[in-house]
Protein chains: 2
Amino acid sequence: MPNNQEQFKDLLRKNGLKVTNQRIAILEALSDRPGEHLTAEEIYDVVKKDYPDIGLATVYRTIQLLSELNLIDKLNLDDGYVRYEIGSENPEENCHHHHHLICLDCGNIYAFQDDLLENLESRIKETLGFDVVNHEVKLYGYCKECINNRAVKSN
Amino acid sequence: MPNNQEQFKDLLRKNGLKVTNQRIAILEALSDRPGEHLTAEEIYDVVKKDYPDIGLATVYRTIQLLSELNLIDKLNLDDGYVRYEIGSENPEENCHHHHHLICLDCGNIYAFQDDLLENLESRIKETLGFDVVNHEVKLYGYCKECINNRAVKSN
DNA sequence: CTATCTGCAAATAATTTGCAACAAA
DNA sequence: TTTGTTGCAAATTATTTGCAGATAG
């Protein structure tokens with residue numbers, strides 16, 4: 001959506017930052033791939049198609065910027081890469097109800113929404129006095145396809 | 001407990017691995033600090049007191065070994081270090097009900113137990129066919145002490 | 001014009017690896 | 001013995017940083 005892009009430009013200006021082609025291209029690369037979880041290198045490769053002169057350092061710097069502006073979410077799968085995905089349009093529900101299922105077999109990542117922690121978090125506030133403001137939930141296991149494939153192979 | 005140490009030795013032998021002072025010392029370093037979350041470097045510093053000749057590479061190799069044997073749990077706080085802690089005595093409940101509260105102010109980590117995900121996981125199995133075998137839950141926020149400190153300072 | 005960005009190359013820093021010497025079985 | 005382990009140093013690799021030139025406002 002071009003609307004989204006205008007919002008981004010305004011957000012940059014509002015923070016005394018400059019609107020550059022590189023920044024727009026990087027945000028677009030992620031916007032065009034909702035639900036995908038790209039590494040810095042992968043974003044670099046995508047953006048390089050339209051922008052062959054871009055440097056990897058710019059990608060890293062822009063990713064950090066977008067993350068601070070809460071436009072993208074970080075995801076660390078402990079495989080040596082930090083991954084990024086575009087946030088939901090509604091910033092309120094951004095990370096808070098957005099969790100990940102990670103298949104240990106094929107490596108695919110499935111997102112799901114759930115507010116299961118709301119309850120727990122108020123209980124923690126009451127019993128421990130700890131005020132939870134954010135959370136990260138990763139569920140590891142085996143996806144439908146991989147379970148089926150295994151069943152087929154073992155026959 | 002020396003009992004624990006004997007179990008470890010047996011486990012090593014059972015897997016065709018050798019019992020070495022270094023391995024025992026590293027497991028002890030973690031066993032002596034339940035609930036602490038040590039980096040490889042921190043473990044190295046602890047073990048070096050009793051074992052000045054140990055190399056950092058051995059610490060890394062042993063950590064990996066202990067992790068594969070499910071004797072220790074990994075914790076990644078996205079601060080550039082991977083941390084490790086001794087698992088609970090009961091291997092069944094090891095990670096599964098063990099979650100972390102991370103204070104964004106003081107950096108302290110508080111563990112808590114909860115089986116809140118059991119429910120969700122069976123729901124996921126039913127609706128998506130995804131079989132969850134493990135999970136990682138991190139809750140970020142502010143601990144009681146830091147909340148109090150802030151209140152005091154703002155007066 | 002001038003403050004911010006960019007691309008490059010070099011620096012950083014956690015972790016891994018090759019290998020010869022060493023220690024457990 | 002023989003097989004696995006260690007310590008060292010070098011390699012690897014994701015990410016960061018310094019800086020001079022480029023670009024947005």
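Only a predicted model underlies this, so the values are computations on that prediction, with no experimental measurement involved. A note on names: the letters A, B, ... follow the listed sequences, proteins ahead of strands, and every chain is numbered from 1.
- Nearest nucleotide to the side chain of Gln64(A), out of dG7(C), dT5(D), dT16(D): dT16(D).
- By the 4.5 Å heavy-atom criterion applied to side chains, Phe8(A) and Arg23(A) are counted as neighbours.
- For the pair Asp78(A) CG and dA14(C) P, the interatomic distance rounds to 17 Å; values are reported in whole Å.
- One can place CZ of Arg61(A) at 10 Å from P of dC5(C), the figure rounded to the nearest angstrom.
- Rounded to whole angstrom, the span from the NZ atom of Lys48(A) across to the P atom of dT6(C) amounts to 17 Å.
- One atom, CD of Glu42(A), and another, C1' of dT13(D), lie 16 Å apart when rounded to the nearest Å.
- Residues Leu69(B) and Leu12(B) have side chains in contact (heavy-atom distance under 4.5 Å, counting atoms from C-beta outward).
- Following rounding to the nearest Å, Ile26(B) (CD1) and dT5(D) (P) show an atom-to-atom distance of 13 Å.
- One interatomic measurement links the two molecules: CZ of Arg23(B) to P of dG7(D), which rounds to 11 Å at whole-angstrom precision.
- Aromatic ring orientation, Phe130(A) versus Tyr110(B): perpendicular (interplanar angle above 60°, classes split at 30° and 60°).
- Place Gly80(B) and Leu56(A) on DNA chain C by their nearest nucleotides, and Leu56(A) ends up nearer the 5' end.
- A salt bridge links Lys138(B) to Glu136(B): at least one charged side-chain nitrogen sits closer than 4.0 Å to a carboxylate oxygen.
- To the nearest angstrom, P of dA14(D) lies 4 Å from OH of Tyr81(A).
- Between Arg123(B) and Glu126(B), none of the side-chain N atoms (NZ, or NE/NH1/NH2) sits under 4.0 Å from a carboxylate O, so this pair counts as no salt bridge.
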Identify the pairs formed between an N or O of the protein and an N or O of nucleotides 22-25 of chain D at a distance under 3.5 Å, and give each distance.
from	atom 1	to	atom 2	distance (Å)
dA24(D)	O3'	Val19(A)	O	3.4
dA24(D)	N3	Lys18(A)	NZ	3.0
dG25(D)	OP1	Val19(A)	N	3.3

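- Nucleotide dT13(D) holds its C1' atom 15 Å from the OH atom of Tyr44(A), rounded to whole Å.
- Across all strands, Gln22(B) comes closer than 4.0 Å only to sugar-phosphate atoms, never to a base (heavy-atom distances).
- The side chain of Val82(A) sits closest to dT15(D) out of dT15(C), dT6(D), dT15(D).
- Considering only side-chain N and O atoms, Tyr60(B) lies under 4.0 angstrom from the phosphate OP1 or OP2 of dT15(C).
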Distance-only check: which donor-acceptor pairs under 3.5 Å involve side-chain atoms of residues 46-65 of chain B, not counting sequence neighbours?
from	atom 1	to	atom 2	distance (Å)
Tyr51(B)	OH	Asn21(B)	ND2	3.3
Thr62(B)	OG1	Thr58(B)	O	2.7

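- Although no hydrogens or angles enter the test, the distance criterion places no donor-acceptor pair under 3.5 Å between the side chain of His100(B) and the main chain of Ile109(B).
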